[in-house]
Amino acid sequence: MGIMTNLYPHRILNLKPLFCIIVAVAAATSLSAGKIPELKWKSHDQTRPAPDVVTPGAVSSGNDVGSAPSDAVVLFDGSDFDGWVDMEGNPSKWTVRDGALECVPDSGYIRTLQSFGDCQLHIEWATPVDPKGNSQGRGNSGVFFGLNLYEIQVLDSYENKTYADGSASSIYGQYPPLVNACKGPGEWQTYDIIYTAPRFEDCGEMKSPARFTVIHNGVLTQNNVTLTGPAVWIGRPPYKAHPEKMPIALQDHGNPVRYRNIWVRELGPKDAAEFYLPGSLLDSYVGDYKKGWGENVEIRRIDNNLLTLKLAGSTEVMYAASETEFFSKTTDMVADFSELEESGEVHIYVGGGGPMKMPKL
């Protein structure tokens, strides 16, 4: 091949302009074929809807705690943490001290009652003032999305050597941070996390993976990285299908890490809030309910803390809008269990009509 190249150099030189012509023709063909979608609005169109107005929150400084933007869901404001439970949905043993939510070692993870999909999470954290241990034993905790699947590591990484993909602001076990932006022990630090939830087909196949962008103390440390699957200590397990919206969790790793000023902004359409309720509560709703005419209504529990409701031969997946109210995303249907304990009835609303009161059998 080297001899042929030397004998016919002009043929090789001509390949570059020919390649450029081919690329240009292909691009023009693509444009003429209409593959780029037509823009709905003209440039500077005065009739184009203006963005929603959001009032920014105050930025934390030292011991002065900031505040959330006007459109945020406040998860912890320094007083109570009623919106948090243990992983089974029971009251947590974590404590509130000096305006901070503090992990009690050996008390287990905590999670939000509300579920979130694509979102912006702001959370501030501090490791113990007097560091003990080293590597992963020093100021260890974590921020989880997808309940307990996708972790942003919390660690005292200030002059503390450990494996790169387990340091502060790493995607645990997958991506080290671009830089180490960690402050010293006891200092308040910030994470601003942009989470894009994975999507799955109805058959369970993945449509698109999870992604993270992380800003640690004002420094970009993860730039829209694509996760290979759940974060685990060892290995790279594949994705398994789960609902788009799941709780956010904080890890108990045996260190009294503190958190404050936690808020989240949901991105995309402002759908109804969804909650991840205790299994014991969902089990109390499961059963057959007498319709009064025709076949009975069947309510069952499925994986990921969801209910199904079978009515008139059609089965709908029902999502929790509160501890007692559930809704369908595909049909105008609501199931209200607020009267179940008193009257033994579920009230079902279809198409905006009045309640169908159905006693539990």
Side-chain angles (χ1 to χ4, degrees), residues 54-84 92 94-105 107 109-114 116 119-131 138-145 150-158 160 167-172 177-195 212-222 247-267:
V54 173
T55 304
V59 178
S60 297
S61 177
N63 290 325
D64 295 329
V65 184
S67 57
S70 58
D71 66 342
V73 177
V74 176
L75 298 178
F76 178 68
D77 64 1
S79 54
D80 60 59
F81 60 113
D82 290 343
W84 296 83
S92 169
W94 288 37
T95 61
V96 175
R97 181 170 64 87
D98 297 330
L101 177 59
E102 184 171 315
C103 174
V104 176
S107 63
Y109 292 30
I110 61 172
R111 66 166 177 87
T112 58
L113 272 171
Q114 187 169 343
F116 300 96
C119 64
Q120 171 192 350
L121 174 72
H122 176 89
I123 188 166
E124 301 174 15
W125 54 274
T127 58
V129 175
D130 298 319
R138 186 168 139 182
N140 194 323
S141 185
V143 180
F144 282 84
F145 293 75
Y150 316 115
E151 181 187 6
I152 309 297
Q153 173 76 318
V154 169
L155 192 78
D156 181 354
S157 289
Y158 184 79
N160 177 33
S167 54
S169 79
S170 65
I171 311 299
Y172 187 79
L178 296 173
V179 294
N180 181 348
C182 211
K183 294 182 179 180
E187 295 190 61
W188 282 106
Q189 312 196 46
T190 63
Y191 278 168
D192 289 283
I193 302 168
I194 310 300
Y195 169 63
F212 275 121
T213 294
V214 181
I215 298 174
H216 182 194
N217 295 328
V219 178
L220 181 70
T221 55
Q222 301 287 349
I248 294 169
L250 301 178
Q251 184 186 43
D252 167 21
H253 202 282
N255 299 139
V257 176
R258 295 175 295 152
Y259 293 93
R260 72 179 189 184
N261 194 22
I262 310 173
W263 50 261
V264 61
R265 295 181 62 249
E266 296 189 85
L267 305 177

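What you see below is based on every heavy atom in this structure, not just the backbone, and it leaves out hydrogens, waters and symmetry mates.
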Non-hydrogen atoms of Gln251 and Asn140 that approach each other most closely
OE1-OD1, 3.6 Å
Under 6.0 Å between ring centres, would you say that holds for Tyr109 and Phe144?
yes
Checking the side chain of Gln153 only, and the main-chain atoms of Tyr172 only, is there a donor and an acceptor separated by less than 3.5 Å?
no
Atom CD1 in Ile194, atom CG in Leu267: separation rounded to 0.5 Å?
6.0 Å
Heavy atoms from other residues, nucleotides or ligands near CG of Asp130 exceed 12 (cutoff 6.0 Å):
no
Shortest non-hydrogen contact from Asn217 toward Ala181:
ND2-O, 2.9 Å
Main-chain N/O of Gly66 paired with Ser60 side-chain donor or acceptor, under 3.5 Å:
yes
Donor-acceptor contact present, side-chain Arg138 to main-chain Tyr158, <3.5 Å:
yes
Do side-chain atoms of Gln222 reach the backbone of Ser169 as a donor and acceptor pair under 3.5 angstrom?
yes
Gap separating the CG atom of Asn261 from the NE2 atom of His122, nearest 0.5 angstrom
4.5 Å
For Thr55, is there any backbone N or O sitting under 3.5 Å from a side-chain donor or acceptor partner on Ser70?
yes
Would Val73 and Gln114 count as a side-chain contact (heavy atoms from CB on, under 4.5 Å) if you check the C-alpha gap in whole Å, the side-chain angles of each, and the deciding distance to 0.1 Å?
CA-CA 10 Å; Val73 177; Gln114 187 169 343; 3.9 Å; yes
Would you give the length of the straight line joining atom SG of Cys119 to atom CH2 of Trp263, rounded to the nearest 0.5 angstrom?
10.5 Å
Flag this pair as yes if the NZ/CZ of Arg260 is under 6.0 angstrom from the six-membered ring centre of Trp188 and inside a 45 degree cone about the axis; otherwise no.
yes
Could you tell me if the side chain of Pro185 sits less than 4.5 Å from the side chain of Val129, heavy atoms only?
no
Least distance between heavy atoms, Pro256 atom then Glu102 atom
CB-OE2, 3.9 Å
Do the two ring centres, one from Tyr191 and one from His216, sit under 6.0 Å apart?
yes
Expected output: side-chain Thr221 to main-chain Val214 donor-acceptor under 3.5 Å
yes
Quick one: does Thr95's side chain have a donor or acceptor within less than 3.5 Å of a partner on Arg97's backbone?
no
Separation between CD1 of Ile110 and CD1 of Ile248, rounded to the nearest 0.5 Å:
11.5 Å
Quick check: closest heavy atoms across Asp252 and Gly254, and the distance to 0.1 Å?
OD1-N, 2.9 Å
Are Val143 and Leu121 close enough that some pair of their side-chain heavy atoms sits under 4.5 Å apart?
yes
Does any N or O in the side chain of Asn255 come within less than 3.5 Å of the main-chain N or O of Val257, such that one atom is a donor and the other an acceptor?
no
If you measure from CD1 on Ile262 to CD on Glu124, what distance do you get to the nearest 0.5 Å?
9.0 Å
Could you grab the distance from atom OG1 of Thr127 to atom CG of Asn160, nearest 0.5 Å is fine?
9.5 Å
Ser141 vs Tyr259, side chain to side chain donor-acceptor pair (under 3.5 Å): CA-CA, chis, key distance, verdict
CA-CA 10 Å; Ser141 185; Tyr259 293 93; 2.6 Å; yes
Okay, side chain of Ser67, backbone of Ala58: is any donor-acceptor separation there less than 3.5 Å?
yes
Nearest non-hydrogen partners of Ser170 and Pro177, listed with the distance
CB-CD, 3.8 Å
Do Trp94 and Phe81 have their ring centres less than 6.0 Å from each other?
no
Pair Tyr150 + Phe212: ring centers closer than 6.0 Å
no
Heavy-atom nearest pair, Leu220 first then Val179, reads O-CG2, 4.3 Å
Test side-chain contact (heavy atoms from CB on, under 4.5 Å) on Thr213 and Tyr195; report intermediate values, then the result.
CA-CA 7 Å; Thr213 294; Tyr195 169 63; over 6 Å; no
Checking Trp84 side chain against Leu75 main chain: does a donor-acceptor pair fall under 3.5 Å?
yes
